[in-house]
Every structure is written in structure tokens, then in C-alpha cells.
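In this text, all values refer to a predicted model and were calculated from it rather than measured experimentally. Worth knowing before you read on, the calculation uses all heavy atoms, side chains too, and leaves out hydrogens, waters and symmetry mates. Labels below follow one simple rule: chain letters A, B, ... track the order of the sequence lines, proteins then strands, and each chain is numbered from 1.
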Amino acid sequence: MKIVVCVKHVPDTAARVSILGAAECDAGTRYVMNPHDEYALEQAVSIKREDGASEVTAVSLGNADAEKTLRAALALGADRAILIETDVAFPGPGLTAAGLAAVMRLGSSPDLVFTGSRSVDTEAMQTPYRLAAILGLPVVTEITSFEMAGKTLTVERDRGSGAMEEIELFLPCVVGAARGLNIPRSPTLPSLMHARKKPVEKIPLDAIVEHRSEGFRMVRIEAAVDERRAQMISGTTQEAAEMLARIIKTASAEGIGD
Amino acid sequence: MLTIAIIIETDQGEIKPSSCEAITAARTHDSCSVTAFLVDEDPAKHRRLLEAYGTTTIVSIRKPGSRLDERPEDAAAAVAEAVKRFKPDGLAAAGTRRGNDLLSRIAAMLDIPLVLDCTHVDFAARRVHKSRFSGKTTAVLEFDPGLFACSIRPKTVQARLSRANAEIVAFPYRSSDPGRIKVKGVQRNPDAPVELTEASIILSGGKAMGSAENFMILNTCARKIGAAVGASRAAVDAGFAPHSMQVGQTGKTVSPSVYIACGISGSIQHFAGMKTSRTIIAVNIDPEAPIFSKCDYGVLGDLFEIVPALTELLT
């Protein structure tokens with residue numbers, strides 16, 4: 001089985017993010033593999049563990065630094081790694097999907113494409129859908145359970161309001177992983193050393209895709225301002241509870257008029 | 001006059017409050033008229049409510065003999081056909097799981113720009129506010145001319161009544177191909193009827209809860225006030241709560257009127273998921289807990305004493 005996993009190189013979620021200029025947003029600190037993509041990679045690699053004949057290719061669209069995330073993918077069990085190199089600061093879902101699809105079309109078509117359901121930086125949440133549309137494949141995202149029997153996939157996703165959907169679709173397809181799908185493992189030191197010797201293929205984005213507008217422009221970026229000054233509630237348990245009850249009643253009355 | 005089509009979401013036959021919020025967002029401008037795209041449902045049943053919030057046209061999208069809700073690709077194709085037929089200037093929906101999924105499919109199908117989970121939308125100016133980097137920044141984006149789509153984060157707009165009269169237009173959708181994806185079943189959890197991302201009040205538990213059983217303390221309190229119950233990542237990792245309850249960067253983003261964090265230390269990642277709450281209350285036994293510098297009200301105390309005492313008072 002040919003499996004492709006799309007991984008993104010993103011700022012660590014604990015990083016401070018600073019804004020440079022009107023249209024740039026740069027976090028000068030640590031970059032990691034997008035957390036949701038770890039679940040995607042783990043699922044792909046676990047399929048390979050069951051079926052040794054499968055091949056897992058990790059693909060990432062990003063700048064030269066993204067090679068680090070691809071090395072991590074190799075250390076975690078990917079057989080091949082491809083970097084679609086671009087200096088575009090925060091590529092949108094349209095451009096990303098176009099690049100990923102172009103690379104997938106260079107080789108034989110994948111049977112299964114895994115992605116994370118969302119990235120923790122731009123949070124567009126659309127790349128799997130746009131990718132699937134270009135490839136002409138069905139797509140399901142935010143899945144928290146995955147079962148494969150031949151070409152039949154049975155997956156589950158949270159539908160909201162405490163309801164879980166059980167969904168059936170068939171290979172070939174695109175699947176977006178969500179937290180809870182599995183437990184991603186960490187790369188071991190030996191696997192990281194071994195991964196260093198593996199090649200990461202590099203393809204310039206401009207060589208395979210013509211740039212096109214995402215359909216919107218960035219007007220400005222605003223930093224979030226978190227200004228809350230804690231009023232500490234003191235007194236006995238009973239007094240504190242009474243104060244809380246009052247606050248809850250007032251605050252929720254000021255709230256929604258549903 | 002701009003026409004904004006709002007895809008209405010229903011759950012078990014009832015229109016979701018977040019869909020009414022989306023209608024209000026579109027009605028904010030006198031220059032925008034709202035067309036409701038109602039899928040699968042009987043339009044006569046929902047007419048009053050849709051009119052109450054300002055809808056002037058209800059397009060009833062139904063596939064004879066089947067429920068589009070069970071066939072995501074067919075539902076998207078049906079709405080896409082309605083878009084081509086009625087040519088709205090903008091397309092929007094509440095940014096719920098289902099709303100985001102449906103809009104993503106339609107936008108990919110029609111190749112139109114889409115921004116999901118907007119915290120503010122100005123339909124007339126074609127501008128949206130989108131949170132990025134887990135809420136650390138907000139990007140103000142402006143759509144190019146042409147049809148655009150967006151979803152609105154639940155609870156960021158207060159639904160407002162704005163009476164109108166609506167005409168109902170039937171749009172029967174016929175296709176021989178129901179698509180490649182089938183929803184085989186929906187399992188509902190009777191203990192979690194209030195959706196976290198749409199709740200007005202949330203009671204959330206951290207690792208200090210100590211066990212899954214102890215979450216009952218929060219459930220009991222929550223039931224009294226119609227609140228939803230959430231959990232921190234640490235609590236979920238420890239097995240005290242399922243992933244669907246997780247609030248935070250790799251969980252759900254919530255925006256309630258009141259967020260009560262019990263035994264939650266208040267990491268950046270957790271805060272990212274609830275920082276837009278109107279009022280944040282923290283109950284924690286640790287005076288050094290980071291959450292005390294990020295809340296509106298703090299109670300330095302034992303949640304196992306405070307929450308039951310609160311429950312008693314709320315009866």
C-alpha cells in the first residue's frame with residue numbers, strides 16, 4: 001500500500017509570537033511537527049507495521065528549516081521524505097494543496113493520504129479538503145478512530161453536541177487525523193541517528209505549481225491582548241461558594257439572549 | 001444590496017442557536033439580506049424562527065427519498081447547486097464541526113475562498129477576523145471580489161431578533177450518485193447534551209480532579225445550571241475525561257460567558273482554548289498556579305469543597 005503523510009513545520013505552541021510589520025508574523029523560536037500531524041504519521045506507520053509491504057512517504061511544504069520535521073518523520077518510521085521548498089511565509093490551503101497534489105502526481109497515486117486536521121499556526125483547516133478535491137478523492141477529517149478492512153475504511157468523528165458519527169468510505173482517500181486517534185510515539189535516539197543518513201528529497205514549489213491567490217489579502221495582524229486582573233475571592237468555603245454563585249448568575253444573565 | 005446565504009444547521013430537528021448567531025452577523029448591515037439554506041428539514045416548521053432573526057428567503061434543499069445529512073459529499077453538492085442557482089454574494093455558516101466540514105467541501109468543490117472560525121465578520125466590507133497561532137494573533141483578512149465563504153465561531157455574536165417575512169423557495173435536488181462517503185450511524189452521549197463549543201457556561205476540570213469518577217462532581221453542578229463540562233489536556237491524558245471534552249490548543253476552542261476552571265493550572269495551551277471567555281473563574285489550591293494571573297476571579301481553595309458547596313446553592 002502506498003501511504004502519503006502530509007506534515008507541517010510549525011512554531012511550538014508554547015512559543016511567543018511577535019508581529020513584524022503589517023503583514024508578517026514571525027515566531028523566533030522553536031519549530032516542531034504540527035501536533036495533529038503526529039497522529040497522522042503514527043497511524044500511517046502503524047499500518048505499515050501490520051503490512052510490511054506498505055511504503056510511507058512524508059511530504060512537507062515549507063522553507064528549508066522544514067527538513068527538521070521531515071527528519072523527525074523518517075525517525076518515526078517514514079520510508080521517504082519530500083520537502084516542497086518555498087519561502088512563502090505562511091502558505092494558504094490552496095497553495096499548499098496544489099503543491100502537495102503536484103508532488104503526489106509525480107509518482108504513482110497513493111492509496112491513502114493522511115494529514116493532520118488543522119495546523120496550530122494558520123489554522124485554515126482546509127488543506128485536506130482542497131487536496132482531496134484536486135486529487136479527486138473522498139475526504140473525512142477530525143477522525144478519532146480508524147479501522148481498515150481491505151479497501152473499506154470505518155472511521156469516527158465528533159459531530160458536536162455529544163454525538164459521534166461512524167463513517168464509511170473507501171480507498172483511495174484522504175483522512176485528517178485528530179487528537180485521540182492514537183498515541184504518537186517519540187523518536188528514539190538510534191532512529192534519529194539512522195534518519196540523519198536518509199535523504200530528504202527537495203523540490204522547489206515554483207517548479208511544480210503556479211502561484212495563485214488564496215482569494216483574500218491580509219489587511220493587518222493584531223496581537224492578542226490578554227488583560228485580566230484576578231479578583232481573589234476570600235472567606236470560608238460557604239462564603240466563596242455564595243460569591244461564585246452570584247458571579248455566575250450575573251455573568252450568564254449578561255450573556256446570551258438565546 | 002448584498003445577499004448572504006446562511007447554511008442552517010439543525011440537530012434532532014431543532015435549529016442550532018449558533019445558526020441564529022450567523023444570521024444576526026449577516027443582518028448587522030442594512031445592506032445585507034439573508035437567505036437561509038435549509039437542508040433536509042420541513043421549511044414550514046422553521047419559518048417562524050428564521051423570520052424572527054431576519055431571514056427574507058428560505059431555500060429548502062431536499063433530496064426526495066433521502067437525508068442529505070447522511071451523505072456529506074451529496075449534501076455539499078446539493079448546497080453547491082443551490083449556490084449556483086441563487087448566486088449569493090457571500091456564503092456562511094456557524095463554525096461548528098458540521099458547519100466547517102460542509103463549507104470546506106463546498107469551497108473546495110466550487111474553488112471559492114473560505115476562512116473558517118472567524119471571530120468577527122463584516123459582510124458588507126468583505127472582511128473577517130481570524131484567530132491564528134492558537135489565539136496569540138488575529139489576522140484581519142479581506143476577500144477579493146467575487147463569492148466568498150466564511151464560518152463564524154459560535155458564541156462570538158449575540159443572536160438578535162430582527163423580524164422579517166420570508167418567502168419559501170423549494171429547491172429539490174436530484175442526483176443519481178449519493179457520493180462516496182456514508183454516515184452509517186450517530187451515537188449520542190446522553191451525559192453530554194450541551195456542546196462545549198456552544199455552551200454559555202463551562203465547568204472544566206484539570207488533573208487535580210484525580211479520577212474519572214470525580215468528574216461527576218462537576219457534572220452534577222453543571223446539570224443544575226445547564227453548563228457543559230470540559231477538561232484540560234492533563235486530565236484527558238490521565239484518562240479522567242475523553243478527548244471530546246478537552247479544551248485547549250489540541251482540543252476545542254470555547255467562548256462561553258462563564259468559564260470555571262477547577263484544579264487547572266492554566267498552561268498557555270489550555271488558555272489558548274478558552275481565552276475568549278467573557279468571565280474566567282479559577283478554583284485552585286495552588287497559589288502559584290499560572291491561571292490566577294489569567295482569570296477575572298480566583299478562589300484559592302479546595303475544589304472538592306467549593307464545587308459541592310456551589311452545587312448546593314444553585315439548587
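Between A/Val139 and B/Arg105, the closest heavy-atom pair is O-NH2, 2.8 Å. B/Phe143 and A/Phe216 get closest at one heavy-atom pair: CA-CB, 3.8 Å. Pairing each heavy atom of B/Phe292 with each of A/Ala230, the nearest pair is O-CB, 3.0 Å. Across every non-hydrogen atom of B/Arg97 and A/Glu142, the tightest pair is NH2-OE1, 3.3 Å. Minimum interatomic distance between A/Met218 and B/Ala139 (heavy atoms only, all atoms of both residues): SD-CB, 3.7 Å. Of all heavy-atom pairs between A/His36 and B/Gln249, the closest is NE2-O, 4.3 Å.
No side-chain heavy atom of B/Lys184 sits less than 4.5 Å from a side-chain heavy atom of A/Ile167. Taking the side chain as every heavy atom from C-beta outward, A/Met232 and B/Leu300 approach each other to under 4.5 Å. Looking only at side-chain heavy atoms (C-beta outward), B/Val283 and A/Leu244 come within less than 4.5 Å of each other. Contact annotation: the side chain of A/Ile248 approaches that of B/Ile260 to within less than 4.5 Å [non-hydrogen atoms, C-beta and beyond]. In this structure, A/Glu222 and B/Val140 have side chains that are in contact, with non-hydrogen atoms separated by less than 4.5 Å. For the pair A/Met164/B/Val186, no side-chain contact is recorded, criterion being any heavy-atom separation below 4.5 Å from C-beta on.
In terms of non-hydrogen atom pairs under 4.5 Å with chain A, the most contact-rich of B/Gly301, B/Ser277, B/Ala272 is B/Ser277. The choice from B/Lys130, B/Arg188, B/Lys182, B/Lys16 that makes the most heavy-atom pairs within less than 4.5 Å of chain A is B/Lys182. The candidate with the highest count of non-hydrogen atom pairs below 4.5 Å against chain B, out of A/Gln238, A/Glu165, A/Met243, A/Glu214, is A/Glu165. In terms of heavy-atom pairs under 4.5 Å with chain A, the best-connected choice from B/Asn100, B/Thr250, B/Ile281 is B/Thr250. Interface remark: of the candidates A/Val120, A/Val10, A/Asp121, A/Asp121 forms the most heavy-atom pairs closer than 4.5 Å to chain B. In terms of heavy-atom pairs under 4.5 angstrom with chain B, the leader among A/Gly215, A/Ser234, A/Gly235 is A/Gly215. Among B/Pro72, B/Ala108, B/Gly298, the residue with the largest count of heavy-atom pairs under 4.5 Å with chain A is B/Gly298.
Of the two parts of B/Ile306, the backbone and the side chain both hold a non-hydrogen atom closer than 4.5 Å to a non-hydrogen atom of chain A. Proximity to chain B (any heavy atom under 4.5 Å) is shown, for A/Ala245, by both the backbone and the side chain. In this structure, chain A has a heavy atom under 4.5 Å from the backbone of B/Lys294, while its side chain stays farther away. Both the backbone and the side chain of B/Leu141 come within contact range of chain A, judged by heavy atoms closer than 4.5 Å. With a threshold of 4.5 angstrom between heavy atoms, B/Arg71 does not approach chain A through any atom at all. Both the backbone and the side chain of A/Glu242 come within less than 4.5 Å of a heavy atom in chain B. Residue contact with chain B, scored on non-hydrogen atoms closer than 4.5 Å, involves the backbone of A/Asp12 exclusively. Using a 4.5 Å cut-off between heavy atoms, A/Ile247 touches chain B through its side chain atoms alone. For B/Phe148, no part lies under 4.5 angstrom from a heavy atom of chain A. Both the backbone and the side chain of B/Ala107 come within less than 4.5 Å of a heavy atom in chain A. Proximity to chain A (any heavy atom under 4.5 Å) is shown, for B/Cys295, by both the backbone and the side chain. Contact annotation for B/Ser293: only backbone heavy atoms (N, CA, C, O) come within less than 4.5 Å of a heavy atom of chain A. Contacts of A/Arg179 with chain B are made by both backbone and side-chain atoms, with heavy-atom separations under 4.5 Å. Using a 4.5 Å cut-off between heavy atoms, B/Val299 touches chain A through backbone and side chain atoms alike.
Summarising the geometry, atom CD belonging to B/Gln246 is positioned 12.0 Å from atom CG belonging to A/Asp158; distances are rounded to the nearest 0.5 Å. Taking CG from B/Leu314 and NZ from A/Lys249, the interatomic distance works out to 6.0 Å, rounded to the nearest 0.5 Å. Note that the CD atom of B/Gln187 and the CD atom of A/Glu166 stand 7.5 Å from one another [nearest 0.5 Å]. Here CD of A/Gln126 is found 5.0 Å from OG of B/Ser104. Values are rounded to the nearest 0.5 Å. The structure places CG of A/Leu169 at 8.5 Å from CD of B/Glu73, a figure rounded to the nearest 0.5 Å. Separating the OG atom in B/Ser151 from the CE atom in A/Met125 is a distance of 6.0 Å, to the nearest 0.5 Å.
Surrounding CZ of B/Arg160 are at most 12 heavy atoms belonging to other residues, nucleotides or ligands under 6.0 Å away. Applying the 6.0 Å contact sphere to NZ of A/Lys151 captures no more than 12 heavy atoms from other residues, nucleotides or ligands.
Among residues two or more places apart in sequence or in another chain, the salt bridge (charged side-chain N to carboxylate O under 4.0 Å, His left out) test is passed with B/Glu142 by A/Arg217, B/Arg127.
With respect to the salt-bridge test (charged N to carboxylate O, under 4.0 angstrom), the residues A/Arg229 and B/Asp296 do not qualify. Using a 4.0 Å cut-off between charged side-chain N and carboxylate O, B/Asp69 and A/Arg159 make a salt bridge.
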Could you pull out all donor-acceptor pairs under 3.5 Å where a side-chain atom in residues 111-119 of chain B meets a protein atom, sequence neighbours excluded?
unit_1: B/Asp111; atom_1: OD1; unit_2: A/Arg212; atom_2: NH2; d: 3.4
unit_1: B/Asp111; atom_1: OD2; unit_2: A/Arg212; atom_2: NH1; d: 3.4
unit_1: B/Asp117; atom_1: OD1; unit_2: B/Arg153; atom_2: NE; d: 2.9
unit_1: B/Asp117; atom_1: OD2; unit_2: B/Arg153; atom_2: NE; d: 3.4
unit_1: B/Asp117; atom_1: OD2; unit_2: B/Arg153; atom_2: NH2; d: 2.9
unit_1: B/Thr119; atom_1: OG1; unit_2: B/His129; atom_2: O; d: 3.4

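Using a 4.5 Å cut-off between non-hydrogen atoms, the part of residues 128-138 of chain A that approaches chain B consists of A/Tyr129, A/Arg130, A/Ala133, A/Gly136, A/Leu137, A/Pro138.
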- request: Any chance you could lay out the salt bridge (Lys or Arg N to Asp or Glu O under 4.0 Å) test for A/Glu123 and B/Arg132, step after step, and finish with the verdict?
  value: CA-CA 6 Å; A/Glu123 304 185 59; B/Arg132 293 169 24 137; over 6 Å; no
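For the side-chain hydrogen bond (donor to acceptor under 3.5 Å, both in side chains) condition, the pairs that include at least one residue of residues 302-313 of chain B, sequence neighbours left out, are A/Thr237-B/Glu305.
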